[in-house]
2 protein chains.
Amino acid sequence: MTADPSARRGIPDATVARLPEYLRALTGFAERGITSVSSEELAAASGVRSAKLRKDLSHLGSYGVRGVGYEVDHLAYQISRELGLTQDWPVAIVGMGNLGHALAAYSGFATRGFRVVALLDQDEALHGQQIAGLPVRPMDTLDALVAEEGLAIGVIATPAGSAQDVCDQLVAAGVSSILNFAPCVLVVPDGVDVRKVDLSTELQILAFHEQRKALASAALGPVAKGVAK
Amino acid sequence: MTADPSARRGIPDATVARLPEYLRALTGFAERGITSVSSEELAAASGVRSAKLRKDLSHLGSYGVRGVGYEVDHLAYQISRELGLTQDWPVAIVGMGNLGHALAAYSGFATRGFRVVALLDQDEALHGQQIAGLPVRPMDTLDALVAEEGLAIGVIATPAGSAQDVCDQLVAAGVSSILNFAPCVLVVPDGVDVRKVDLSTELQILAFHEQRKALASAALGPVAKGVAK
DNA sequence: ACGCTTTTGTGAACGAATGCACAAAGTCAC
DNA sequence: GTGACTTTGTGCATTCGTTCACAAAAGCGT
Ligand SMILES: NC(=O)c1ccc[n+]([C@@H]2O[C@H](COP(=O)([O-])OP(=O)(O)OC[C@H]3O[C@@H](n4cnc5c(N)ncnc54)[C@H](O)[C@@H]3O)[C@@H](O)[C@H]2O)c1
Ligand SMILES: NC(=O)c1ccc[n+]([C@@H]2O[C@H](COP(=O)([O-])OP(=O)(O)OC[C@H]3O[C@@H](n4cnc5c(N)ncnc54)[C@H](O)[C@@H]3O)[C@@H](O)[C@H]2O)c1
């Protein structure tokens with residue numbers, strides 16, 4: 001029976017991808033001292049339609065009050081719990097170049113249960129060097145990190161040519177979630193999740209739409225400078 | 001009639017999002033001197049199924065040869081053209097903090113027609129300072145950049161609190177595509193595209209799946225250490 | 001106590017994306 | 001030239017995601 005409220009096995013991927021945004025919006029409301037929001041308000045702050053928001057939230061249970069809305073703190077807690085943010089997630093960053101430095105210094109990790117426990121690099125010249133309060137370690141310390149710190153999430157910030165190799169090392173050590181900044185596809189065994197953050201892809205998608213806009217306005221008169229339609 | 005081969009108005013968003021990956025894979029083949037690939041090979045290199053690849057490519061025309069495959073250079077050109085990469089796209093980066101520095105130094109822009117023409121920041125102490133060969137400029141030079149360089153794409157790397165303000169300035173100056181690294185929702189008028197790159201969101205999605213894996217293996221016996229199922 | 005207002009939660013319709021399976025269209029060997 | 005073989009391009013079924021629209025549920029004022 002799907003009537004069971006705790007039958008929340010299988011939240012759609014599209015919904016999961018939006019939960020962090022809802023959580024951020026809720027945090028914003030909480031900071032401004034707002035204790036209750038309607039689906040309309042929360043949706044506006046999250047950049048989605050209210051119907052979509054309600055359907056998304058309905059997948060994790062019935063935490064709203066009809067005629068009133070949602071209690072900010074309670075909903076934030078429920079989403080956090082669903083996302084697994086009520087526990088601490090140790091993270092390791094591999095590749096201490098330009099991007100690795102910026103990531104290591106980034107405070108955004110800590111704000112949601114993510115804790116950078118190690119910085120790794122192949123380059124021996126970097127070993128022992130302190131970056132943002134942490135020493136750079138050699139790659140062969142990975143096994144110890146998984147065993148001792150419970151490391152489960154790895155971030156790859158090496159050049160694309162090394163990424164698959166680094167990925168294999170992470171997986172061999174027991175890491176089962178990987179965030180990849182290198183512009184390449186990673187092959188992993190079943191049970192390992194990979195997500196890619198790719199600047200270049202995003203720019204190309206923007207360029208596609210930009211070109212379409214340019215062509216559209218050129219078509220309906222080369223004079224028009226403003227926004228088409 | 002949809003029989004017209006140039007009736008490629010309206011390529012699905014999902015397809016557009018994958019074109020950059022196909023292009024990257026093709027570049028890889030070209031570098032290794034391979035001049036022809038089958039949909040099966042290209043799909044494998046791109047991390048998709050061949051049926052999906054073929055359907056995607058069919059949206060931009062019929063560039064394959066039955067019984068043989070696709071000519072690498074020609075297909076790469078067609079995808080580039082479709083994405084609007086045969087022209088040069090001037091890009092400006094706003095916010096020269098940790099992330100801005102890494103982006104300015106990043107060579108990945110140049111590899112596909114994207115050219116960083118300006119670095120901007122509100123902080124007067126940074127003005128005139130050279131980063132990766134470019135001087136940091138004040139925000140009020142935006143109008144000139146749009147007029148003189150044809151700037152159409154802006155990258156926001158400021159704190160979330162300033163992002164909407166910066167975004168408004170970019171839009172006011174005439175920028176119509178924005179890549180946002182700040183963890184917040186941007187409100188823009190019609191005709192302006194925004195894409196968000198969000199580290200924190202990606203980590204939270206990984207955490208969700210990681211938690212699910214942990215729960216699953218706990219459920220079928222707390223002893224199991226390996227990958228479930 | 002009761003009806004009026006507000007807002008949720010969700011069934012049902014719709015639309016987009018994926019995967020399957022195969023006919024059509026080409027190559028290549030001989 | 002012909003037939004066997006390979007691989008594309010696509011119609012169709014299916015799955016996934018979004019939008020609509022409203023009944024059910026809760027608060028509130030009187
Ligand atoms: N810099 C950016 O703004 C930016 C933006 C988007 C994506 N990226 C991507 O992120 C990755 C890193 O970029 P970057 O600019 O920091 O590069 P970088 O060359 O500055 O740094 C790469 C680092 O990785 C280390 N490394 C190389 N091979 C390794 C291995 N096998 N094991 C462990 N460490 C290894 C190197 O020692 C170096 O410290 C690249 O793939 C790049 O395309 C960078
Ligand atoms: N550092 C990272 O690895 C990282 C990763 C993901 C996302 N982010 C996000 O990227 C953004 C920048 O991060 P950062 O670490 O570089 O921050 P930062 O504080 O180091 O740099 C911010 C820069 O923006 C400038 N700035 C602030 N307000 C401005 C305005 N109104 N107009 C123009 N410039 C302005 C500041 O002068 C400063 O130079 C943040 O939103 C952060 O959440 C950073």
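Per chain, numbering begins at 1; letters A, B, ... match sequence-line order.
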Inset, instruction - Would you grab the first and last nucleotide of DNA chain D (5' to 3') that comes under 4.0 Å of any non-hydrogen atom in chain A? - result: dG17(D) to dG27(D)

Inset, instruction - Rounded to 10°, tell me the angle between the two end axes of the helix from dA1(C)-dT30(D) to dC30(C)-dG1(D), each built from five pairs. - result: 10°

Inset, instruction - Please list, chain by chain and in numerical order, all residues satisfying side-chain hydrogen bond (donor to acceptor under 3.5 Å, both in side chains) with Asp168(B), sequence neighbours excluded. - result: Gln164(B)

Legend entry - Separation of atom CZ in Arg66(B) from atom P in dC28(C), rounded to whole Å: 16 Å

Legend entry - Point-to-point distance, once rounded to the nearest 0.5 Å, from CZ of Arg112(A) to CG of Leu83(A): 9.0 Å

Legend entry - Partners meeting side-chain hydrogen bond (donor to acceptor under 3.5 Å, both in side chains) with Lys52(A) (sequence neighbours left out): none

Inset, instruction - Nearest whole angstrom, please: distance from the P of dT8(C) to the CG of Leu75(A). - result: 11 Å

Distances under 3.5 Å between nitrogen or oxygen atoms of protein and nucleotides 12-14 of chain C:
unit_1, atom_1, unit_2, atom_2, d
dA12(C), N6, Lys55(A), NZ, 3.3

Inset, instruction - Could you tell me the separation between the CZ atom of Arg54(A) and the C1' atom of dG11(C), rounded to a whole number of Å? - result: 13 Å

Inset, instruction - Check each residue of residues 32-45 of chain B for a non-hydrogen atom within less than 4.0 Å of any atom in DNA chain D, then write out the ones that pass by number, or none. - result: Ser38(B), Ser39(B)

Inset, instruction - Provide, to the nearest angstrom, the distance between the NZ atom belonging to Lys52(A) and the C1' atom belonging to dG15(C). - result: 13 Å

Legend entry - Integer-rounded Å distance: dG19(C) P and Asp56(B) CG: 11 Å

Inset, instruction - Return the value, rounded to whole Å, for the distance between atom CZ of Arg49(B) and atom C1' of dA17(C). - result: 16 Å

